[in-house]
Student: 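Have a look at this one.
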Amino acid sequence: MSECYDFAIIGAGPAGMAAAITAAELGLRTAVLDEQEAPGGQIYRAIERVTQNHPRRLAILGDDYAAGLALVRAFRACSADYLPGSTVWQVEQPLGILYSARGKSRRLRSRRTLIATGAMERPMPLAGWTLPGVMTAGAAQIALKSAGAVPQGRVVLVGCGPLLLLLAWQLLQADVRVCAIVDTSTSGARRRAARHLPSALMAPGHVGKGLRYIRMLREAGIPMLNHVENVQLNGKERVQEVVVTHGGKDERLGADVVLLHQGLVPNANLGWALRCEHGWNEAQRCFVPRTDAWGLASLDEFQFAGDCAGIGGAHAAEQTGRLAALEAAHRLARIDRAERDARARAPLGALRRHRRIRPLLEALYRPGDRYVAPEQDDVIVCRCEEASAGDIRRTVALGCPGPNQMKAFVRCGMGPCQGRMCGLTVTELMAAARNVAPGDIGYYRIRPPIKPLALGELAALELE
Amino acid sequence: MFASLPDAAGPQVAVTVDGKTVAVPPGASVAAALLLAGAVPSRTTAVSAAPRAPYCMMGVCFECLVEIDGVAERQACMVTAAEGMRVRRTPRSSSIERS
Ligand code: FES
């Protein structure tokens, strides 16, 4: 028989690490499974190696990145079993958590499970977004953090959101001057965001930092194109130019690398595959799992923490991880309600402070309609199967009410990414075409395994 | 398409991409090696033979599929480059297990 943990945590980003530290402290037998080879999640990726060997890279990445080391160290020091290089592909009671590590499928049992799988970037289906040379802003950050690699040639940033500005600033520190930042946020966003400013100013440090990045980019003379009406990417074997329409005119920017970003959304396939209930979050323009304040999902033995439960940023993620671990300990009768509540006071307070920035960010960087649901019929929506926006709209005309009926007509969402790159776009497109709320359209039915498996791996799974 | 920061100097890991040797810093993924080597496009699609390259670098898009040490269709961004690894861009990479 394989041993049974009290608490299994999937993901070793800020939420997963904080949850593990708290759970281990409370005496829960805890395991942490993570796809990466080192802890930190995408936000603190490679932090140990960079701190130790690459002082320049550390300076380029900035203080917020460097600050992650303390949490990673505390995580390394805690008694939780850490299983790096472990890709979870199915969670099923009573079988447990099925994952592959080093080419073999394995299984782990736990009484409770925390999903802390973080965020991914919202798909940004522009004309030409499948061209080589077009990547996400986060991808460029990962290349910088883990390989010290920076984009070369003419680099253009397209989209909106704090991460785009942060990346522009980081690249500037690395002596890579981006040619332009093309801002696709909705017009009037600043006006709508303004009322959230007083609350945002109460969130520790966030607003000042954002303004500092913008000022430094301005002073460096990085052009920012605001209020653009359309963006198209052209090229043959690789991207060659960005065509920006503003004021009714086209401007052509030569480009070798184009980095896209329009906010983060939960990396949610595991929760969907488990059939946890989800709801549409209009402010974040994405589905989030239904949870209570402790991250409890609609299915009793599962919890969510961090950005996969709704985007809140790294600091908030850390606090939600702590709260989830406290609730797990309570449910496992390790602490009583009074102790849970007493221990929750500090993380709850910190969480409230960090969340004050969100309404401002959500209003300021709300992605524009045409960038989440492309108007041109020929824009590719499903990168795997090359289904277009027009293909999806045609299925609505045929009477398809939602994504799962649509799949009967178009091979969309059926490729290896399992709809991660097209799911939200399909929901938004169908909602717009049918003139109903995205929440009523719903999302793909995701089936395990949530990551493709080599056949040999499955055979190697030892079932006792 | 990408270049190493000067501070990436120090011990490097040598892999081959289509037979050409590429030195990358330890910890770099095979996808990062493709970007540093300029081995882009890194595949073409099964549907229309359209050129593609790594897009997300974090395991979600499946655009980075290449052959690594003889095993086809591996996610290059999820594999850490190791000394002597042989990476091949597949001219026509199909989707994994079309069902
Ligand atoms: S680049 Fe997206 S999965 Fe590898």
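Sequence lines set the chain letters: A, B, ... in the order given, protein chains first and strands last, and positions in each chain run from 1.
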Student: Is it true that A/Glu386 and B/Ser48 share a donor-acceptor pair across their side chains at a distance under 3.5 Å?
Tutor: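 Side chains of B/Ser48 and A/Glu386: pair found under 3.5 Å.
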Student: Which bit of A/Lys236 comes within less than 4.5 Å of chain B, counting heavy atoms only: side chain, backbone, both or neither?
Tutor: backbone
Student: Let me know if A/Val150 has heavy atoms under 4.5 Å from chain B in its side chain, its backbone, both or neither.
Tutor: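 Backbone plus side chain of A/Val150, per the 4.5 Å heavy-atom cut-off to chain B.
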Student: Under 4.5 Å heavy-atom distance to chain B, tell me which part of A/Gln36 shows up: side chain, backbone, both or neither.
Tutor: side chain
Student: Would you mind checking which part of A/Met120 comes under 4.5 Å of any heavy atom in chain B, side chain (CB onward), backbone (N, CA, C, O), both or neither?
Tutor: both
Student: Can you name the nearest heavy-atom pair linking B/Phe2 to A/Gln152, along with the distance?
Tutor: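 Taking every non-hydrogen atom into account, O-OE1, 3.5 Å.
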Student: Where on A/Arg383 is there a heavy atom nearer than 4.5 Å to chain B: the side chain, the backbone, both, or neither?
Tutor: both
Student: Return the option, out of B/Pro41, B/Ala31, B/Ala28, B/Ala32, with the maximum number of heavy-atom pairs under 4.5 Å with chain A.
Tutor: B/Pro41
Student: Using a cut-off of under 4.5 Å on heavy-atom pairs, state which of A/Ala143, A/Ser146, A/Pro151 scores highest against chain B.
Tutor: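 Top count of heavy-atom pairs under 4.5 Å with chain B: A/Pro151.
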Student: Looking at OG1 of B/Thr45 and CD of A/Glu385, how far apart are the two atoms once the value is rounded to the nearest 0.5 Å?
Tutor: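 Rounded to the nearest 0.5 Å, the OG1-CD separation comes out at 9.5 Å.
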Student: So for A/Arg56, is it side chain, backbone, both, or neither that comes closer than 4.5 Å to the heavy atoms of chain B?
Tutor: both
Student: Is any side-chain heavy atom of B/Tyr55 closer than 4.5 Å to a side-chain heavy atom of A/Leu131?
Tutor: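 Answer no - side chains too far apart.
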Student: In terms of heavy-atom pairs under 4.5 Å with chain A, which of B/Ala50, B/Ala33, B/Ala53, B/Ser29 leads?
Tutor: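 Winner by heavy-atom pair count: B/Ala53.
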Student: Contact part of A/Asn269 toward chain B, heavy-atom cut-off under 4.5 Å: side chain, backbone, both or neither?
Tutor: neither
Student: Supply the atom-to-atom distance A/Cys384 SG to B/Arg52 CZ, rounded to the nearest 0.5 angstrom.
Tutor: 8.0 Å
Student: Could you tell me whether the side chain of A/Asn267 reaches within less than 4.5 Å of the side chain of B/Met58, counting heavy atoms only?
Tutor: yes
Student: Going by side-chain contact (heavy atoms from CB on, under 4.5 Å), name the residues that satisfy it together with B/Glu83, two or more places apart in sequence or in a different chain.
Tutor: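 Applying side-chain contact (heavy atoms from CB on, under 4.5 Å) to B/Glu83 gives B/Val13, B/Ala14.
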Student: Does some side-chain heavy atom of A/Met421 sit less than 4.5 Å from a side-chain heavy atom of B/Glu63?
Tutor: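 Not touching, per the 4.5 Å side-chain cut-off.
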Student: Please state whether the side chain, the backbone, both or neither of A/Glu121 comes within less than 4.5 Å of a heavy atom of chain B.
Tutor: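 No part of it gets close to chain B.
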Student: Report the distance from atom CZ of A/Arg45 to atom CE of B/Met57, rounding to the nearest 0.5 Å.
Tutor: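 So the gap between those two atoms works out to 7.5 Å.
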Student: Tell me, for A/Leu259 versus chain B, whether the close heavy atoms (under 4.5 Å) come from the side chain, the backbone, both or neither.
Tutor: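 Neither part.
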Student: Could you go through B/Val40 and A/Glu237, starting from their C-alpha distance and side-chain angles, then the distance that decides it, and tell me whether this counts as side chain to side chain contact (heavy atoms under 4.5 Å, CB included)?
Tutor: CA-CA 8 Å; B/Val40 166; A/Glu237 285 287 280; over 6 Å; no
Student: With heavy-atom distances below 4.5 Å as the criterion, would you say the side chains of B/Leu5 and A/Leu144 are in contact?
Tutor: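 Answer yes - side chains close enough.
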Student: Please determine, among A/Ala140, A/Pro132, A/Ala139, the option with the most heavy-atom pairs under 4.5 Å with chain B.
Tutor: A/Pro132
Student: Is it the side chain or the backbone of A/Ala46 that comes within 4.5 Å of chain B heavy atoms, both, or neither?
Tutor: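 Looking at A/Ala46, nothing touches chain B.
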Student: Could you walk me through whether B/Met1 and A/Arg238 pass the side chain to side chain contact (heavy atoms under 4.5 Å, CB included) check?
Tutor: CA-CA 10 Å; B/Met1 213 174 109; A/Arg238 284 196 192 189; 4.2 Å; yes
Student: Any side-chain heavy atom of A/Glu37 within less than 4.5 Å of one from B/Met78?
Tutor: no
